[in-house]
Amino acid sequence: MSEPFYITTAIAYPNGRPHIGHAYEAIATDAIARFQRLMGRDVRMVTGTDEHGLKMAQTARAAGRETLEFADEMSSYFRQMCAGLDISNDVFMRTSDAKHHEASIALWKAMEAKGDLYLDRYEGWYSVRDEAFYGEEELTEGEGGVKLSPQGTPVEWTVEESWFFRLSKYQDALLKLYSENPDFIRPESRKNEVLRFVEGGLKDLSVSRTSFDWGVPVPGSPGHVMYVWVDALTTYLSGLGFPDQNSDYARFWPANVHIIGKDIVRFHAVYWPAFLMSADLPLPQQVFGHGFLLNRGEKMSKSLGNVVDPMELAERFGVDALRYFLMREVSFGQDGTYSAEAIVSRVNADLANSFGNLAQRTLSFISKNLEGRLPQSDVKAAEDEELLALVDDACRNDVTREFAAFAFSQGLDSWMRAVFACNQYIDAQAPWALRKTDPARMEAVLETLLRAMRSLAIAVQPVIPTSASKLLDQLGIEAHGRDYAALNDQDYYARLASSGVTIAPPTPIFPRLELTAED
RNA sequence: GGCGGAGUAGCUCAGCUGGUUAGAGCGGCGGAAUCAUAAUCCGUAGGUCGGGGGUUCAAGUCCCUCCUCCGCUACCA
């Protein structure tokens with residue numbers, strides 16, 4: 001059995017509908033998952049929704065809805081987003097699921113058994129919106145003397161009985177973890193922030209609430225529900241079937257990587273490993289904090305009115321176009337910007353004009369001049385080998401190396417260079433001229449192009465799965481010959497030719513996009 | 001205030017441990033071609049590499065300082 005690979009997205013809080021940031025994270029995580037599958041790994045990808053907490057309960061009440069019923073609806077939007085964007089998650093885990101409660105309770109009991117949980121009183125300024133306590137010194141004065149949290153949300157003096165987790169006990173263990181596993185937190189800049197935070201000393205963490213009941217009940221402590229992060233992070237375990245030892249948990253935990261936004265690095269890089277250490281569970285190998293997407297360089301916000309529905313973008317430009325743009329244009333780990341112009345410009349240049357047109361002109365030519373028969377010829381030339389060497393090097397080495405390192409934009413850059421080389425080759429060889437002067441040579445040129453396009457299509461599958469598979473269909477490549485191992489299969493063409501496969505008149509796979517007046 | 005990022009051609013960005021005339025894509029301009037989704041290919045564009053100072057035979061690439069933007073964090077009030 002092949003080696004397991006377990007990857008997760010953050011578990012979204014469905015207080016509102018999914019936005020482009022959720023879509024970006026899901027797409028990036030999916031591309032990694034698909035890449036690993038093509039590399040032959042046995043992959044599990046988990047995503048889901050984190051539905052507990054006061055905010056959800058309040059929002060539901062304000063809408064006159066039953067909390068769970070409201071959560072059902074909100075969660076469904078995220079599930080639909082995944083389906084709509086061709087996200088290949090194996091599991092969609094909801095924190096309101098009974099099995100998730102079971103997992104959270106198991107984790108809680110393990111931490112309790114370790115002596116890391118204790119009951120105490122918590123007094124302080126509490127922000128309902130943030131679900132967090134703040135110190136007096138962190139507050140600011142708002143309109144009319146109202147006290148505000150650092151996030152600008154109202155706070156009120158609250159006295160609450162609360163369970164605490166002995167986070168302070170894990171400071172040294174965490175620092176040891178970071179130093180022994182330099183790649184535990186990535187990218188580097190995020191790691192530095194976490195290091196400084198932990199080095200600065202850790203306070204015990206309040207891990208239960210009594211002010212509401214929409215959450216996982218703390219075992220043996222009526223009135224208490226678990227603090228959002230204990231519950232939410234546990235999704236990474238419950239998504240595999242934990243605590244059932246006969247589930248996928250046994251095979252896939254610990255995670256290879258948790259893909260998250262840069263804003264929640266601390267929870268994943270500090271609290272989460274501390275919880276796991278306390279529960280004597282293995283730690284994930286890596287936490288990767290990606291950047292944010294900016295709308296025309298501006299942070300998106302409801303007040304600015306520039307929040308974009310990712311599904312609208314997908315419907316307008318196409319799912320693969322959106323996926324390609326995000327993976328190509330944004331350097332993973334850094335912030336990126338998007339706009340309709342940028343999407344149209346990038347997708348037209350790379351996918352429609354260069355790659356799509358290459359396929360269209362080649363397949364169309366074969367369809368018309370060879371009646372779709374696969375070209376075959378002995379009249380090879382050095383240029384043929386040179387092109388294939390360049391394409392194979394890009395697909396087998398550059399793309400796989402960069403994708404493996406989550407450097408999709410760099411990998412796609414190499415991939416595009418190979419596409420450019422194909423267009424240069426076809427122009428230089430000019431099969432349309434050879435048709436009259438040297439038909440045998442023409443066939444050799446077309447064969448070279450078919451081989452090159454197969455490699456390019458296989459390589460780019462993680463990013464644009466549907467389009468790549470359409471092209472592989474047009475090329476007559478069988479479903480079982482499309483993984484990365486197939487890139488090393490040099491005999492495929494002879495087998496394909498002798499199988500009698502024909503090339504049908506092609507239809508364009510990557511339509512050119514257009515801007516509207518509003519853009 | 002501290003720490004960390006970023007500031008390179010009109011736009012988006014590459015430039016690792018310092019070393020030939022600072023690169024790519026897009027856009028713009030000129031040309032070629034016409035198989036193809038009016039797509040492609042070739043050539044070209046002369047940016048004081050945020051400002052200033054320094055080290056060096058040689059600096060986007062190291063050091064100092066200043067400016068702007070961003071993130072994390074602290075504190076004053």
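Below, chain A is the first sequence line, B the second, and so on; all start at residue 1.
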B:C11 P sits how many Å from A:Tyr338 OH, rounded? 21 Å
Take atom P in B:G53 and the same atom in B:A58, then report the distance between them in whole Å. 16 Å
Between NZ of A:Lys470 and C1' of B:U37 the distance, given in whole Å, is 14 Å
So, A:Lys169 and A:Asp204, do they make that salt bridge, N to O below 4.0 Å? no
Would you measure the distance from the P atom in B:A59 across to the matching atom in B:C76 and give it in whole Å? 46 Å
For the P atoms, the ones on B:G4 and on B:A77, what distance do you get once it is rounded to whole angstrom? 27 Å
For nucleotides B:G46 and B:G23, find the distance between their C1' atoms and express it as a whole number of Å. 14 Å
Which of the following nucleotides, B:A36, B:A39, B:G2, is nearest to the side chain of A:Gln360? B:A36
For A:Trp432 and B:C35, do the ring centres fall under 5.5 Å apart while the planes stay under 30° apart? yes
With ring centroids as reference points, do A:Phe325 and A:Tyr338 lie under 6.0 angstrom apart? no
Give a yes or no on whether a salt bridge exists between A:Arg401 and A:Asp398, defined as a side-chain N under 4.0 angstrom from a carboxylate O. yes
Pairwise C1' distance, B:U48 and B:U44 [rounded to whole Å]: 22 Å
Tell me, which of residues 418-431 of chain A have any heavy atom that sits under 4.0 Å from an atom in RNA chain B? A:Phe420, A:Asn423, A:Gln424, A:Asp427
Pair assignment for B:U20, Watson-Crick or G-U wobble, requiring both distances under 3.5 Å: none
Distances for protein N or O near nucleotides 12-16 of chain B N or O, under 3.5 Å:
unit_1	atom_1	unit_2	atom_2	d
B:A14	OP1	A:Gln334	OE1	3.4

Taking the six-membered ring where the residue is Trp, are the ring centres of A:Phe317 and A:Tyr324 under 6.0 Å apart? no
A:Ile185 CD1 to B:G4 P, straight-line distance once rounded to whole Å: 16 Å
If you look at every strand shown and take non-hydrogen atoms under 4.0 Å, does A:Ile509 touch a base, only sugar-phosphate, or nothing? base
Using whole Å, report how far CG of A:Asn348 lies from C1' of B:G27. 13 Å
Between A:Trp229 and A:Tyr271, does the ring centroid distance fall short of 6.0 Å? no
Using a distance-only test with no angle check, is there a side-chain donor-acceptor pair under 3.5 angstrom linking A:Ser162 and A:Ser206? yes
For nucleotides B:G10 and B:C35, find the distance between their P atoms and express it as a whole number of Å. 38 Å
Give a yes/no on whether any side-chain N or O of A:Arg512 is located under 4.0 angstrom from OP1 or OP2 of B:A39. yes
Gap between atoms CG and C1', on A:Leu450 and B:C35 respectively (whole Å): 14 Å
Salt-bridge contact A:Asp172-A:Lys176 (side-chain N to carboxylate O under 4.0 Å): no
Figure out the CG/P separation between A:Asp350 and B:U40, and round it to whole Å. 10 Å
Does any nucleotide pair with B:A36 by Watson-Crick or G-U wobble geometry, both distances under 3.5 Å, and what is it? none
Can you tell me how the ring of A:Phe332 sits relative to the ring of A:Phe408, calling it parallel under 30°, perpendicular over 60° and tilted otherwise? perpendicular
Using whole Å, what does the distance between atom C1' of nucleotide B:G1 and atom CZ of A:Arg196 come to? 14 Å
Just to verify, what does A:Asp335 make a side-chain hydrogen bond (donor to acceptor under 3.5 Å, both in side chains) with, not counting sequence neighbours? A:Lys262
For the P atoms, the ones on B:C62 and on B:A14, what distance do you get once it is rounded to whole angstrom? 16 Å
Write down the partner of B:G71 under the Watson-Crick or G-U wobble criteria, each distance required to be under 3.5 Å. B:C3
Is the distance between the ring centroids of A:Tyr484 and A:Phe35 under 6.0 Å? yes
Using a 90° cut-off around 0 for syn, call B:G60 syn or anti. syn
Partners passing salt bridge (charged side-chain N to carboxylate O under 4.0 Å, His left out) against A:Arg441 (at least two apart in sequence or in another chain): A:Asp384
The answer to which of A:Ser354 and A:Leu351 contacts RNA chain B further toward the 5' end, by nearest nucleotide, is A:Leu351
Paired with B:G47: which nucleotide, if any, by Watson-Crick or G-U wobble criteria at under 3.5 Å for both distances? none
For A:Arg190, report the nucleic acid contact type (base, sugar-phosphate, nothing); a contact means any heavy atom under 4.0 Å. sugar-phosphate
B:A36 P sits how many Å from A:Asn357 CG, rounded? 10 Å
Ion pair check, A:Asp309 and A:Arg316, cut-off under 4.0 Å: no
Using the C1' atom on both, measure B:G30 against B:G19 and round to a whole Å. 35 Å
Is there any ring pair (Phe, Tyr, Trp, His ring centres under 6.0 Å) pair reaching into residues 429-460 of chain A, and which pairs are they, with sequence neighbours excluded? none
Strictly below 4.0 Å, N to O, side chains only: are A:Arg361 and A:Asp427 in salt-bridge contact? yes
Does a side-chain N or O of A:Lys368 approach OP1 or OP2 of B:A36 to a distance below 4.0 Å, or not? yes
Any protein N or O atoms within reach of nucleotides 22-24 of chain B? Criterion: under 3.5 Å, listing atom names and distances.
unit_1	atom_1	unit_2	atom_2	d
B:A24	O2'	A:Arg417	NH2	3.4

